[in-house]
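First comes the structure, then the notes that go with it.
Each ligand, and each atom within it, is numbered from 1 in the order the structure gives.
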Amino acid sequence: MSSVAELKSDTASQTVYFRCVAGCAEKHSIYDVIYTCPTCGSLLEVHHERQPLKKRNAYQWQQLFDSRASTSSWPYGSGVWGMREWVIPSLADENVVSMFEGNTNLFWAERLGKQLGVPDLWIKLCGNSHTGSFKDLGMTVLVSVVKQMMAQGSPVKAVACASTGDTSAALAAYAAYAGIPAVIFLPAGKVSTAQLIQPVSNGAHVLALDTDFDGCMKIVQEVTKDDSIYLANSMNSLRIEGQKTVGIEIVRQFEWEVPDWIIIPVGNLGNISALHKGFQLMMDLGLINRMPRLVAAQTERANPFYQSFKNGFREKVSVTASDTLANAIRIGDPVSYVKAVKAVQETDGIVEQASEDELAAAAAHADLTGMFTCPHTGVALAVLTKLIKRGVIKSSDRTVVLSTAHGLKFTDFKVGYHESTLEGINSQYANPAVHLPADASAVKDEIAKRLNL
Ligand SMILES: *Cc1c(COP(=O)(O)O)cnc(C)c1O
Ligand SMILES: [Zn+2]
């Protein structure tokens, strides 16, 4: 492998590099400590020149990715690194920090779909992963690049992020696996117990601040101005490279057919940008010939993107996010706004919102058909219900809901729902455990009553 200095001087010949999303001409090495365009301040994106990737045709790429999926060969058995050539091809094997993320279940929600009137309904269970959310897909890429930077003498000593919970869990786990110190900034009292205890357990430096996510974000940007601490939030577009594989994986799981709709809960807007980027790459290389329509789902309590959509994206709206059960998307000033607008506009997409009551009901309803949905997935399912009722999503449409986290990270939400103690929520599907004496006849009576025996 080449040294950092060589990689830096060598950006001209690189075919994968950072470039400005607003179109400034400069290229930057992905091994540089850089997050925004030095000329105009816009976000960067990792760009893959298409020509070198056209050495394989669409069918050959499909064959290659199919052949690697779920194998145990390092690092290709990872859903992310199975697409290595499309992610970060210049990483050395020994610097890949992977826990074999991705390859998550594309769950056929047959019973729920029939009840809602869309039998071709699928839930992409991104939360069935190492730290319980899709954030693992991005962190494997970011931490791997950091490992390679450190191996080549970069000044980086640690990684840091502000988080609504899941980002910090993923960063802490991958950093601990690689032996790199992690500093985590959380809004005090605004993350779930499971989300807080993951970075604590993984030995991260966990700093709980008396502010919200947007406040933590400001602090972490100050702290990471110095090159010794590397910023791991999604304004760092390396994460997008890992997350973009989810759309490719969905299409692969459908034997390279494109679904009609993908509904995704959004906060900072990194994940929807990533989803779009993966589809764009497949289009450019001829693996698919149409885009799915992307639907961004927000909670009414943190709906800046919805408001921007309503004003025809004439201007970016920012809000002060309020308390919501969907705490991982409690974001008022989304970083990846520009990329997400493109994702919606170029896919004939939609932005819709859901209330607390709607998200809780949608999650509980889905659970009754065998799932265990997190509140963010509840937001997406509530939006699905609205779009079906409005006739936008038709009964024959193939629809995918992206489930972003595992419900087990949100047991407080589940318990509160079924005990009917969530403020302002009508727990119409509550199914609390019943407390009975250890007496066979009392038990028989209760069962007979419940099953109408
Ligand atoms: C991070 C996260 C989101 C939102 O993703 P963005 O990239 O911030 O839009 C949604 N759901 C869960 C569970 C998350 O952890
Ligand atoms: Zn620029």
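Closer than 4.0 angstrom to ligand 1 by heavy atom are Phe134, Lys135, Asp166, Pro265, Val266, Gly267, Asn268, Leu269, Gly270, Asn271, Ala328, Ile329, His376, Thr404, Ala405, sorted by chain and number.
Asp284 contributes atom CG, which lies 10.0 Å from atom CG of Leu53 (distance to the nearest 0.5 angstrom).
Looking at residues two or more places apart in sequence or on another chain, you find no side-chain hydrogen bond (donor to acceptor under 3.5 Å, both in side chains) involving Gln221. Arg314 pairs by the side-chain hydrogen bond (donor to acceptor under 3.5 Å, both in side chains) definition with nothing, not counting sequence neighbours.
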task: Show your working on ring pair (Phe, Tyr, Trp, His ring centres under 6.0 Å) between Tyr17 and His28 and close with a plain yes or no.
output: CA-CA 6 Å; Tyr17 45 80; His28 310 274; 9.2 Å; no

- request: Show the numbers, then the answer: is there a ring pair (Phe, Tyr, Trp, His ring centres under 6.0 Å) between Trp122 and Phe254?
  value: CA-CA 10 Å; Trp122 302 75; Phe254 283 132; 5.1 Å; yes

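For the pair Lys27 and Phe18, the cation-pi criterion (under 6.0 Å, within 45° of the ring axis) is not fulfilled. Cation-pi check for Arg330 over Phe213 is not met; the charged atom does not lie both under 6.0 angstrom from the ring centroid and within 45 degrees of its normal.
Excluding waters, the set of protein N, O or S atoms lying under 2.8 Å from the Zn ion (ligand 2) comprises Cys20 SG, Cys24 SG, Cys37 SG, Cys40 SG.
With respect to the salt-bridge test (charged N to carboxylate O, under 4.0 angstrom), the residues Arg293 and Asp348 qualify.
Checked by atom type and distance alone, the side chain of Gln298 pairs as donor or acceptor with a backbone atom of Tyr306 at under 3.5 Å.
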